[in-house]
Amino acid sequence: MALLSCVAFAGCQHEEKSLSVIPIPLEVDLRKGAFVLDGNTKLWIDAPEEDRDLLQECMARSFLQLEAATERPAGNAVILEIVDSLVQLSSPEGYAMTVAKSGIVVQALSGAGLFYAVQTLLQMVDRGHVPLGRIVDEPRLAYRGMMLDVSRHFFGVDFVKKQIAAMAYYKLNHLHLHLTDAAGWRVEIMRYPRLTELAAWRTHALWKDWWNSERRYAEEGAEQAYGGYYTQEQIREIVEYARKHYITVIPEIEMPSHSEEVLAAYPELSCSQVPYRDSDFCVGNEQVFEFIENVLTEVMELFPSQYIHIGGDEASKQSWQSCPRCQARMETEGLTGADELQSYMIRRVESFLNGHGRSLLGWDEILDGGLAPNATVMSWRGTEGGLKAMAMGHRAIMTPGEYCYLDAYQDAPHTQPEAFGGYLTLQKVYSYDPVPDSLSVTQKKLLYGVQGNLFAEYIPTEEHLEYMAYPRMLALAEVAWSVPANKEYGDFRTRVLEAVDELRAKGYNPFDLRTEVGNRPGADKPIRHLGVGKQVAYVDGSAYYSGYAAGGDSALVDGLRGGWTYGDRCWQGFLGCKGVDVVIDLGEVMPVGAVSADFMQICGPGVFMPVQIIISSSFDGKSFTELKRIDNEVVRDDAVTFKTFGWEGCADARYIRYQAVRSDFGGFLFVDEVVVN
Ligand code: ACM
């Protein structure tokens, strides 16, 4: 493993040695030999009492249960000490660890630094042996997060604690809990008991069944009521457990949207004031602010985090358009549209949080209509929101869907349990660089960190959640902690294979990387055919959707096959009722023996197979001869499917026309290439 091999070190004997540590440390200098931990090895911690207790507990939880020394030992010891300065380090979470024959000395600027050194040490020990040498390490990014969605499916306290332990082991330091959403409210709020008597329970256990039903809530204790919530005592337990792992828990309380459950329990807070009608709070109603402030007051008492996440994403803002209270609010506040009305709400809530010494964090939609003065933006719809926030002098946390949404398929969909869609491999997560060179020095300072998100619509069980989280969370951890110069996927994969075995031995359920199938055949390198590089005309109003343009006008003849997701910029999407209707000009008349194109279907996001295909040829581009007409029965199902529709035969042609007709399901058609041979 070249990356961790020894660097030149005058006067010392080195050997090419490797460490299987995740995330990969900043500098590693290993030498021949090992310090051997034995029954007499003592532990000495020189740190303030609070950190000492946490570190002692951390060691006691681990397999390294060393006896605490009563005075600083001269040898055969693990010494953890907080020092005033460490010249090589700039982060308070960094550490320097020296392993000598006589023992291990770790120095750090804070308890967190010592804690991370211990995580490194735990990963380094091999049957009591710790390789000699020195490690100097610190995180690239201060915020290293994971988000768990406990609303779509509810996960209990012990399970959350188990994930906290794994996060800490890989040096993540923030757990963002998505506590509220239409699918269920998950935190006890004393002042509003209906949030947990009603809004925490629903009629169907599986989110998908519930979502496709009437979306009704159920009384706690009712037969078949599915759901749950954390009592305030349980929240304190989670927060305290996280603290012991140097992890901060950030609560997310969604507003103004994703709030159907609140508005079912307290319909007076919606524009219609009728349950089961709206998804957004009524911003014109003062009672709403009273509610939010009361809820946040209890939330702040439970969560000591600097940040309170207020959601802010995907508001329809529909009901505000016709709501007299919202309209009146806009009038009196001089707001010119729904975006500004949302911004008004977020600013008010920010001011409330700031008044209590807290900071507001929200999804990137909080930029719309004007960003609240001190807000931090969590950029999920790509990185643009984060970049924009930083350009305005605000902090950003990067969590772009393309790299950070661990609810996507991690391998070929037909080999995997149903997922949200997409295709996000371990390698792709690993390839993400949240701090590209193109950022200015100021932006780099404002880029607070990176986060993986586990939305749980399609994750109903604990086993499944771990399967989606691991090992991709480890890639995310290395993205957040390690410098790009130390990162190499082949090396990481080798370490991950060991980590997966370790996770399994500890009772986690990681995806088995050894069985990985990989991308869709043909998607990895360009193909050749007669149409490549030729002219494509989009006929009679058939046009691709700008959001899924792939390579634009040349996408269907660029030789690039799409992979397992229509979001990979190789699939071209067609939304209009015209479907696909393209003519490829081969430049001259030539013999053609086959024409085909692949389509994909994934019903959740509304991507369907065509109901009919017509393939024709022409000499002049005006008069076409039909070569083949294919009728296709489109069936709605849970699978992600791919299908080739083509003609084979013998024809002379200069022009090839390929038409695909949308089914009655509507939605998108996605096609990656019209292959002419
Ligand atoms: C989100 O995925 N709606 C933040």
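Start at 1 and go down the list; that is how both ligands and their atoms are numbered.
Among protein heavy atoms, atom 3 (N) of ligand 1 sits closest to Asp313 OD2, 2.7 Å.
By the 30° and 60° cut-offs, the orientation of the rings of Tyr544 relative to Phe574 is perpendicular. The aromatic rings of Trp363 and Trp380 stand perpendicular to each other, their planes meeting at an angle above 60°, with 30° marking the opposite boundary.
Residue Phe455 approaches ligand 1 through these ligand atoms, each under 4.0 Å from one of its heavy atoms: 1 (C), 2 (O), 4 (C). Short contacts between ligand 1 and Tyr405, defined as distances under 4.0 Å to a heavy atom of the residue, involve ligand atoms 1 (C), 2 (O), 4 (C).
Considering Val262, Leu179, Ile310, Asp313 in turn, Asp313 is the only one that fulfils the side chain to side chain contact (heavy atoms under 4.5 Å, CB included) rule with Glu254.
Checked against a 3.5 angstrom limit, the closest N/O atoms of Trp380 and ligand 1 fall outside it.
Salt-bridge formation is not detected for the pair Glu261/Arg194: no Lys NZ or Arg NE/NH1/NH2 atom is positioned less than 4.0 Å from an Asp or Glu carboxylate oxygen.
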